[in-house]
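The figures that follow rest on heavy atoms only: side chains count, while hydrogens, waters and symmetry mates do not. Counting convention: from 1, in listed order, for ligands and their atoms alike. Being a predicted model, the structure only gives us computed values, none of them experimental.
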Amino acid sequence: QKTFQWADPLDLTSRLTEDERAIQDAAKTYARESLLPRVVAAFRDETFDRAIMTEMGQMGFLGAMLPEQYGGSAVSHVAYGLIAREIEAVDSGYRSAMSVQSSLAMYPIYAFGSEEQKMRFLPRMAAGELVGCFGLTEADGGSDPASMKTRAVAVEGGYRLNGGKYWITNSPIADLAIVWAKLDDVIRGFIVERAFDGFTTGKIGDKLSLRASITGDIGLNDVFVPEANLLPGVKGLRGPFSCLNKARYGIAWGAMGAAEACFHLTRDYVGERMLFGRPLSSRQLVQKKLADMQTEIFLGLEGAFALGRLLDTGAWVPEAISMMKRNNCGKALAVAREARDMHGGAGITGEMHVMRHAMNLETVNTYEGAHDVHALILGRAITGQSAF
Ligand code: TGC
Ligand code: FAD
């Protein structure tokens with residue numbers, strides 16, 4: 001007879017492969033030993049340490065699902081999710097850096113790029129030597145990317161790009177940007193390199209969320225992009241959305257990692273906090289809150305795990321990704337807010353971590369398709385009517 005494990009109540013670990021368990025352990029060790037000690041200062045000072053990309057490259061976390069010839073190690077979707085879970089247990093901003101590089105910058109080159117593009121960029125991106133970013137959102141309404149204004153015009157030997165992107169993770173430190181722009185009214189993907197004339201990036205400051213991640217804009221002023229840098233394999237919104245499928249899936253795991261960290265921190269805190277002569281953990285109200293947190297976290301992880309196995313076998317649909325991205329971000333945010341409350345005044349300090357997670361999860365709930373936008377994607381699938 002097995003005993004109940006409060007930290008793994010549905011014994012998810014037993015259903016992972018040996019490789020997946022080893023990858024999770026490596027990610028957990030790296031996150032705790034290398035990321036956790038610097039996150040409080042990074043969040044306070046609003047800085048992102050570029051060296052993290054190189055470290056993640058050395059750990060094999062960047063583009064991990066890609067085949068070996070492109071620098072990856074062909075790990076499963078579940079393994080990718082477990083990396084996201086462990087990194088985001090430290091900070092959503094660090095998971096952002098990993099998922100943008102893997103799912104939003106490397107994946108489009110892998111899925112839609114020419115062989116020459118793959119060999120030129122992917123191994124160096126996997127090593128963290130080149131940092132990529134993903135430019136889809138524009139200032140006038142991120143939820144509706146079809147309305148983008150950025151334009152490409154065909155010219156001798158390539159294209160001229162004009163326009164701009166906003167809210168772009170890693171753009172100020174990026175060596176290349178995957179820019180989505182309309183060419184004759186059809187959305188196409190372009191690999192825009194840092195050295196191209198007219199390509200500029202600026203940092204967005206004063207964020208109260210995801211402060212350990214660097215976010216910026218992209219300016220495109222008559223940028224010449226050679227034909228060799230057009231992604232030949234895709235036309236239309238299917239291009240960026242295919243990348244978002246991978247990233248949103250990873251966020252479903254990552255958000256639960258942040259929630260899990262809050263749950264563990266809160267369990268420790270209420271166990272030690274003496275009030276009215278007894279530990280706070282001995283109170284019914286407190287125990288109910290811990291039980292609610294645990295239940296939401298492990299249901300969310302089960303959903304992410306089931307989805308990962310569907311992605312591994314190819315039997316997935318985008319709506320299932322919307323369901324898990326939406327549910328897990330919303331639930332993680334609620335867990336983090338509750339954790340902050342249960343820490344009392346101490347919960348507002350940096351060293352307790354829980355309020356940082358709650359602030360970060362506000363962004364995670366919004367980016368990659370806002371919470372209500374995913375409800376509308378599901379609503380359309382349920383009713384057959386588009387309510388956007
Ligand atoms: P819709 O008519 O639904 O679709 C247009 C075309 O796209 C195809 N498609 C998909 N293909 C693959 N996967 C999916 N999930 C797809 N969803 C749609 C669709 O089949 C169609 O193809 P075709 O060939 O028929 O043209 O398009 P719509 O304009 O009605 O879309 C509405 C809506 C709301 C669903 C969509 O615009 C949306 O998802 N909005 C949210 C935008 C978003 O998620 N932006 C994310 C920006 S990147 C980011 O946030 C990164 S943060 C990263 C970090 O730091 O971690
Ligand atoms: P809006 O689209 O203006 O939405 C505002 C509100 O309206 C939301 O609550 C939304 O749910 C709601 N809403 C929208 N449409 C409807 C409707 N039809 N009916 C009812 N309600 C609706 N983008 C990138 O391309 N690359 C990146 O790397 C990237 N990184 C980001 C990093 C950060 C820190 C942040 C904050 C954002 C990032 N984004 C990135 C952009 C992100 O994807 C957008 O913020 C997101 O898609 C929402 O767009 P918006 O901010 O313009 O909000």
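- Only the side chain of Thr363 comes within 4.0 Å of ligand 2, judged by heavy-atom distances.
- When heavy-atom distances to ligand 1 are checked against a 4.0 Å cut-off, Ile377 comes that close only through its side chain, counted from C-beta outward.
- Atoms of ligand 1 found under 4.0 Å from any heavy atom of Ser99, numbered from 1 in the order shown, are 56 (O).
- Residue contacts with ligand 2, taken as heavy atom pairs separated by less than 4.0 Å, involve Glu368 solely via the backbone atoms N, CA, C and O.
- Put simply, atom 22 (C) of ligand 2 has no protein non-hydrogen atoms near it, under 4.0 Å away.
- Of all atoms in ligand 1, numbered sequentially from 1 with element shown, those under 4.0 Å from a heavy atom of Arg95 are 56 (O).
- Remark: of the listed residues Leu333, Asn327, Asn328, Asn327 is the sole one forming a side-chain contact (heavy atoms from CB on, under 4.5 Å) with Lys331.
- Under the 4.0 Å distance rule, the nearest protein heavy atom to atom 23 (P) of ligand 1 falls outside the cut-off.
- Distances shorter than 4.0 angstrom do not occur between any heavy atom of His374 and any atom of ligand 1.
- At a threshold of 4.5 Å between side-chain heavy atoms, the hydrophobic network of Ile, Leu, Val, Met, Phe, Trp and Tyr places Val131 and Tyr107 in one connected group.
- Ala370 CB, 3.3 Å is the protein heavy atom nearest to atom 11 (O) of ligand 2.
- Of the protein's non-hydrogen atoms, the one nearest atom 51 (C) of ligand 1 is Glu368 OE2, 3.5 Å.
- Atom 5 (C) of ligand 2 lies below 4.0 Å from none of the non-hydrogen atoms of the protein.
- Per-atom contact check: atom 44 (O) of ligand 1 touches the protein, criterion being a heavy-atom distance below 4.0 Å.
- Within 4.0 Å of atom 18 (N) of ligand 2, at least one protein heavy atom is present.
- When the side chains of ILVMFWY residues are joined at heavy-atom separations under 4.5 Å, either directly or via intervening members, Tyr94 and Tyr30 end up in a single hydrophobic cluster.
- Any N or O atom pair closer than 3.5 Å counts here, and Gly142 shares at least one such pair with ligand 2.
- Within the listing of ligand 1, atoms 7 (O), 11 (N) sit less than 4.0 angstrom from a heavy atom of Arg238.
- Considering backbone and side-chain atoms together, Ala387 places no N or O closer than 3.5 Å to any N or O of ligand 2.
- Polar contact with ligand 2: absent for Tyr166 (N/O pair, distance under 3.5 Å).
- The presence of a protein heavy atom under 4.0 Å from atom 52 (O) of ligand 2 is confirmed.
- By heavy-atom distance, the residue among Phe241, Trp167, Phe388 lying nearest atom 4 (O) of ligand 1 is Phe241.
- Residue Phe134 approaches ligand 1 through these ligand atoms, each under 4.0 Å from one of its heavy atoms: 48 (S).
- Ion pair Asp292/Lys288 flagged as a salt bridge, since at least one NZ, NE, NH1 or NH2 atom sits closer than 4.0 Å to an Asp/Glu carboxylate oxygen.
- Between the side chains of Arg267 and His264, no donor-acceptor pair is found at a separation under 3.5 Å.
- In this structure, Cys133 falls outside the shell of residues with a heavy atom less than 4.0 angstrom from ligand 2.
- Where the criterion is an N or O separation shorter than 3.5 Å, residue side chain and backbone included, Asp144 fails it with respect to ligand 2.
- Under the side-chain contact (heavy atoms from CB on, under 4.5 Å) test applied with Thr201, the options Ile173, Ile218, Ile168 reduce to a single match, Ile218.
- Of the candidates Leu136, Asn170, Leu244, the one placing a heavy atom closest to atom 48 (S) of ligand 1 is Leu244.
- For the pair Thr215 and ligand 2, the shortest N or O to N or O distance does not fall below 3.5 Å.
- At least one heavy atom of Leu376 sits less than 4.0 Å from an atom of ligand 2.
- In this structure, Pro145 has a heavy atom closer than 4.0 Å to ligand 1.
- Residue Val100 has no N or O atom closer than 3.5 Å to an N or O atom of ligand 2.
- By the criterion of a heavy-atom distance under 4.0 Å, both the backbone and the side chain of Ile168 are placed next to ligand 2.
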Legend entry - Derivation and outcome, ring pair (Phe, Tyr, Trp, His ring centres under 6.0 Å), residues Phe241 and Trp180: CA-CA 11 Å; Phe241 282 154; Trp180 301 95; 9.8 Å; no
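- Here's the thing with Lys207: none of its N/O atoms is less than 3.5 angstrom from an N/O atom of ligand 2.
- Less than 4.0 angstrom separates atom 32 (C) of ligand 2 from at least one non-hydrogen atom of the protein.
- In this structure, Phe196 has its ring center at least 6.0 angstrom away from the ring center of Phe224.
- For a threshold of 3.5 Å applied to N or O pairs, the pair formed by Thr137 and ligand 1 contains no separation below that value.
- For the ligand labelled ligand 1, residue Ser143 lies inside the 4.0 Å heavy-atom shell.
- Put simply, atom 9 (N) of ligand 1 has protein non-hydrogen atoms near it, under 4.0 Å away.
- Remark: atom 17 (N) of ligand 1 lies closer than 4.0 Å to at least one protein heavy atom.
- With atom 3 (O) of ligand 2 as the reference point, the heavy atom nearest to it among Ser171, Gly141, Ala375 is part of Gly141.
- To the nearest 0.5 Å, atom CE of residue Met119 and atom OG of residue Ser114 are 11.5 Å apart.
- Interface atoms of ligand 1 facing Asn245, defined by a heavy-atom separation under 4.0 Å, are 12 (C), 13 (N), 14 (C), 15 (N).
- Atom 39 (O) of ligand 1 lies below 4.0 Å from at least one non-hydrogen atom of the protein.
- Atom 35 (C) of ligand 1 is approached by the protein to below 4.0 angstrom, counting heavy atoms only.
- Relative to the six-membered ring of Tyr249, Lys325 misses at least one condition, a distance below 6.0 Å or an angle of at most 45° to the axis.
- The atoms of ligand 1 that sit less than 4.0 Å from any heavy atom of Arg380 are 3 (O), 30 (O).
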